[in-house]
Each structure stands twice: as structure tokens, then as C-alpha cells.
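Accompanying notes for the structure given below.
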Number of protein chains: 2
Amino acid sequence: MKKKTATAARSRPVDIVQVLRDGISSHAIPPGSKLQEAKLAKDFAVSRTRIREALTELELRGLIKRVPNRGAEVARLDLTQVFEIYDAREALEGMCVRLATQKAPRETWQEWVEQLREGGPLEKLIDKGDVESYFLHYERLRRRIIEAAENPVLAGMLDSILEKTRVIMRRVQILPGRAATGLKEHRAFVTAMRAGDAERAEQLRRENIRSAIRTLKRFQSFIL
Amino acid sequence: MKKKTATAARSRPVDIVQVLRDGISSHAIPPGSKLQEAKLAKDFAVSRTRIREALTELELRGLIKRVPNRGAEVARLDLTQVFEIYDAREALEGMCVRLATQKAPRETWQEWVEQLREGGPLEKLIDKGDVESYFLHYERLRRRIIEAAENPVLAGMLDSILEKTRVIMRRVQILPGRAATGLKEHRAFVTAMRAGDAERAEQLRRENIRSAIRTLKRFQSFIL
DNA sequence: GGCGCAAATAGTGTCAACATTTCCGTGTAC
DNA sequence: GTACACGGAAATGTTGACACTATTTGCGCC
């Protein structure tokens, strides 16, 4: 974080937080960076007051760490916190799958069953080694499920923990065999959703996340 | 919220939020109350800047609602939100019970098995109609479990949703037969914890919360 | 007497200036 | 040569004033 981020010239009041959030969660502003109020104020062309409000919000979201009279810096999360977050994620995503299965008509998931089927388009993506594209599709499925769960409280919580681990999630996908394993597991819980079996779908989704945790534990030295 | 709350004369900077949080979550400051920055600034004997910071925190926690140029008021939550929160709670508390069972030595829960046993002291409390005291014990058990789960992320999330529904939870306890049913269910999941069966303990805890939801649904007209 | 428009009023949003604390470099003494 | 102390610079914390928006009040007109 040395120079002004190229696109930061927006003077709109609302989304200073949004820009910083995105920057931090994508590691465009890497962990440990110091955030100086005066510099940010100049970059965003606003007063320090607004910057300070934005910083308090980021602090509350746990994205930055502030020490009195010494400034703010982007929080680095250690592996302990990552595992804590994953446990929370397991519970929340599991519940989302359950609710989505109960609330949305079964046909909703038909297209995903087809995408994820053995020999289907998504499997071909992984075979080609295009993990990045697969990850984007997976993200879309996740958002669709959260939407179908129709629970803003859950959605907000997931949002607030994912903005901290987005980079880690992407790195996990690249670990040896992870994407292929993940696809099989995704296929499993989506099939259960298509069948309307909410209980089983939740179980499978949770097992899916636990599986990701195990992979992460095995390769943790490569991630952080 | 007309006059200054009697004890509000503290000038300490940190816990303005704490005071307001407690006031709102206990309904001492009832839903719909308008929070005027200038008035609060005078009551707490601090500058408006501090008040505004406190308000942004409360807004992020979902305790107040702010509309631009029109001020802030204590959020009223409708039944829809309450049920959303309970679904999230089911997922999170279930996970807490699972983790607590896995992480803490089994003997930890022995005292609770005894307290909750058939004909035990807690059952006697309910038979006497002292639901209030039972609720306090239950709260202590909850906190003990969260502590044993050793997961600050989960703890923070539960904290942030309970401060919104504390009043509702207490009202549910008073509904006909709810306390007695709750006790049986608590006994069940604590017994599983004592036995070290994390999977079953989680299931039972979740069933316990779903049971509370059903009671709430049945009597919702009396609650809100 | 009621309705509409305009001015006054109250309250929030924003800013620039001032006060305080921390950090870093320099100098001196041992 | 090292350690301690002092001072200056830079960044954060705090305050009061100003600008803008929405609401209400009062006046005139229908």
C-alpha cells in the first residue's frame, strides 16, 4: 500500500468501506499493511473524519487491527483463526443447504446436477486444469444456495467470514486433488438437494467442508 | 427515552456502546426509540464524534437503524427476523455443543448431569414455578459450553444474535410447559456430552432449539 | 375552515483546525 | 562505543463550527 490505488478517485461517500473491504479481502492490500488516515483521506479526496468512520467499520468487521494512538493495519489471520472460521462456516453453510432444500422447488437444482454430473462440463474444466473457472462456478452455486435459503442473518454472517478467508479458499482449491474431490462432494450434496432430502444434503455439505479442512490441515505449511 | 438514564454520567470513552447495548437488548430503551446524537452527547458528557462512532457500531450490530439525515432509532424486529435468528442459532449452538464435547474432558459435564437429573435441583426449581432462576442456570450452562468450544468466532456470532433476542428468549421460557420441556431436552444433550458423544449431543441440542422454535410459533401472538 | 407553499427550525453529515501521543534521530555523558 | 535523554516530526484523537437535508410552522389563498 504505497501509492493510491488507481481507481480510488471516487468521491462518493458510501463505498469507501466497500473499496477497502474488497482490497483487503482480495489481498490487493496485503495483511500487515499500515493504513494511514491522512493518506487515505487524500486518496479518496475526502476528510479524515469519513476515513475514520470507515476504519471503525472495518475494525468491527475484524478486517483491520487498531491500536490507540498508533494507527491501523490490515489484520493477519493465523491458522488458528482460519480453523475457527471454517468450523463456523461448516455450521452456517450446512444450515443454508438445509433451508435452501426445504424452501426452493426441487427443480431449482436440476441444472447444477447436470453441470456437476460425471463427465459433465465442470468435471471437464477440472480435467483441463482450469481450477479457476471451476471455482467461479462453485461460487455461483454457493450464492444461489444462500439466496434460496432466504435468511439474511445467515447470509450476513457468511459474508462477514468469507471476506476474511476468500484468498485462503482459493488457495485450497489449487491443492493437489482438492478440486476433483470437491467436485465429487458437491455433486453428492446437490443430488440430495435435487431429491429434496434436506437432512442428507446438509450432512453431505458439512462433510464437504470438513474434507476441505482436512486438506487444509495437511498442506497448511503451503498456505500460510 | 426522554431523560438521561440515571447512571449515564460515566465519562469513560470505551463503554458508551456497552451501556447502549445493554439498554437496547434489555428493552430498557424500547424498540422504536429515537437516538439523538446531541442528546446522547450531553448525557454521556462526550462529543458527538464519539457518539457517532458508537452509533455506527450499534448499526453494524443491527441494534439500531439509521436513515441518512433522519437519525437513528432502535430496531424493532419482526417475527420473520426472529425465526431467521433462531435458525442461525440452531446451527451455531449445535456446533458449539459438538466442539465443547470434543475439546473438554467428559467429567466437565458431570455437575450439569446431576443438576439436571430427574428429581434434581433444577427440576425442583421449575416445579416451584421459579422459571427465572432456571433461566439463569441455563444461561450459565450456555456460557460454559461456548467457553469450552474455544472458538471466538462462534462466540462472537452467538453474542451478536443473542443481544437481539434476549428478551424473546426469556418470554419463551414462560410459555406453558416450555421450561419443563426444555429441561428434559437439556438433560438429554448434556447426558450425551457427558458420554462424549459429540454427534448425538449436537443433534439433541439442535432438536432442543427447534422445539423452542415450534413453541414460539404456536404462541407467537403472545410474544410480539 | 382547509389546503398548499414558503420560511424557519431542528438534526444529521462534513470538514478543517487544534491537542496529544508516539516514534525517530541527534547529541551528550559516562 | 554504548546508553540515556531530549527534541522535533508525524500520525492519531478530539473538538467546535459550518453545510445540507428533512420536518414543521405559519401565512396567504382558495
Side-chain angles (χ1 to χ4, degrees), chain A residues 1-5 7-21 23-24 28-76, chain B residues 1-5 8-21 23-24 29-76:
Chain A
M1 194 58 181
K2 209 73 204 322
K3 267 299 166 194
K4 61 175 69 177
T5 49
T7 61
R10 307 188 53 186
S11 55
R12 280 300 121 248
V14 193
D15 36 28
I16 298 174
V17 174
Q18 190 62 37
V19 173
L20 291 176
R21 267 184 62 176
I24 293 173
I29 310 172
S33 308
K34 283 179 188 167
L35 298 179
Q36 289 188 13
E37 299 178 356
K39 172 184 279 288
L40 291 174
K42 210 179 59 181
D43 289 359
F44 284 98
V46 296
S47 178
R48 266 184 58 219
T49 310
R50 295 259 287 283
I51 298 297
R52 283 180 64 81
E53 277 204 24
L55 290 183
T56 46
E57 176 161 349
L58 293 175
E59 182 185 22
L60 250 64
R61 287 178 171 276
L63 292 177
I64 67 175
K65 217 184 61 172
R66 276 172 122 176
V67 288
N69 287 314
R70 290 201 38 186
E73 63 179 50
V74 178
R76 349 173 154 259
Chain B
M1 194 60 183
K2 210 72 202 327
K3 268 299 165 192
K4 61 175 68 177
T5 49
R10 309 186 51 184
S11 55
R12 280 301 121 247
V14 193
D15 37 28
I16 298 173
V17 174
Q18 191 62 38
V19 173
L20 292 175
R21 268 183 61 177
I24 293 173
I29 310 174
S33 309
K34 283 180 187 167
L35 299 180
Q36 288 188 14
E37 299 178 356
K39 172 183 278 287
L40 291 174
K42 210 180 60 181
D43 289 358
F44 283 98
V46 296
S47 178
R48 261 184 62 214
T49 311
R50 287 261 200 65
I51 298 297
R52 283 179 64 82
E53 278 202 24
L55 290 183
T56 45
E57 173 159 353
L58 294 176
E59 183 185 21
L60 242 67
R61 288 179 170 276
L63 292 178
I64 67 174
K65 216 185 62 172
R66 274 172 124 177
V67 288
N69 286 313
R70 291 200 36 185
E73 63 179 51
V74 178
R76 0 175 145 253

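Residue numbering restarts at 1 for every chain, and letters A, B, ... go by the order of the sequence lines.
- For Arg66(B) against Ala72(B), the heavy-atom pair with the smallest separation is CG-CB, 3.5 Å.
- Protein atom CZ of Arg48(A) is 14 Å distant from nucleotide atom P of dT15(D), rounded to whole Å.
- A side-chain hydrogen bond (donor to acceptor under 3.5 Å, both in side chains) with Glu37(B) holds for exactly one of Arg48(B), Arg50(B), Lys42(B); it is Arg48(B).
- The listed nucleotides are dC15(C), dG13(C), dG13(D); the one nearest the side chain of Thr49(A) is dC15(C).
- Rounded to whole angstrom, the span from the CD atom of Glu73(B) across to the C1' atom of dG11(C) amounts to 14 Å.
- Distance NZ (Lys34(A)) to P (dC23(C)): 9 Å, rounded to an integer number of Å.
- Of the candidates dT12(D), dG13(C), dA16(C), the closest approach to any side-chain atom of Asn69(B) belongs to dG13(C).
- Counting only heavy atoms from C-beta on, Arg70(A) has its side chain closest to dT22(C) among dT22(C), dC15(C), dG13(C).
- Expressed to the nearest 0.5 Å, how far CG of Leu58(B) lies from CG of Leu35(B) amounts to 8.0 Å.
- Distances from the side chain of Arg50(B) to the nucleotides dT14(C), dT14(D), dT15(D) place dT14(D) closest.
- Rounded to whole Å, atom P of dG13(D) lies 15 Å from atom CD1 of Ile16(B).
- Distance CD (Glu53(A)) to P (dT14(C)): 7 Å, rounded to an integer number of Å.
- Taking atom CD on Gln36(A) and atom P on dA11(D), their separation rounds to 5 Å, with Å as the unit.
- Side-chain atoms of Arg66(B) and base atoms of dG13(C) include no donor and acceptor less than 3.5 Å apart.
- The CG atom of Leu35(B) sits 20 Å away from the P atom of dA10(C) (whole-angstrom rounding).
- Comparing Gly71(A) and Pro68(B) along DNA chain D, the residue whose closest nucleotide (by nearest heavy atom) sits nearer the 5' end is Gly71(A).
- Of the listed nucleotides (dC15(C), dT15(D), dT14(D)), dT14(D) has the atom at the smallest distance from the side chain of Arg52(A).
- The CD1 atom of Ile51(A) sits 17 Å away from the P atom of dG13(C) (whole-angstrom rounding).
- Here the closest non-hydrogen pair linking Ala41(A) and Ser47(A) is CB-C, 4.1 Å.
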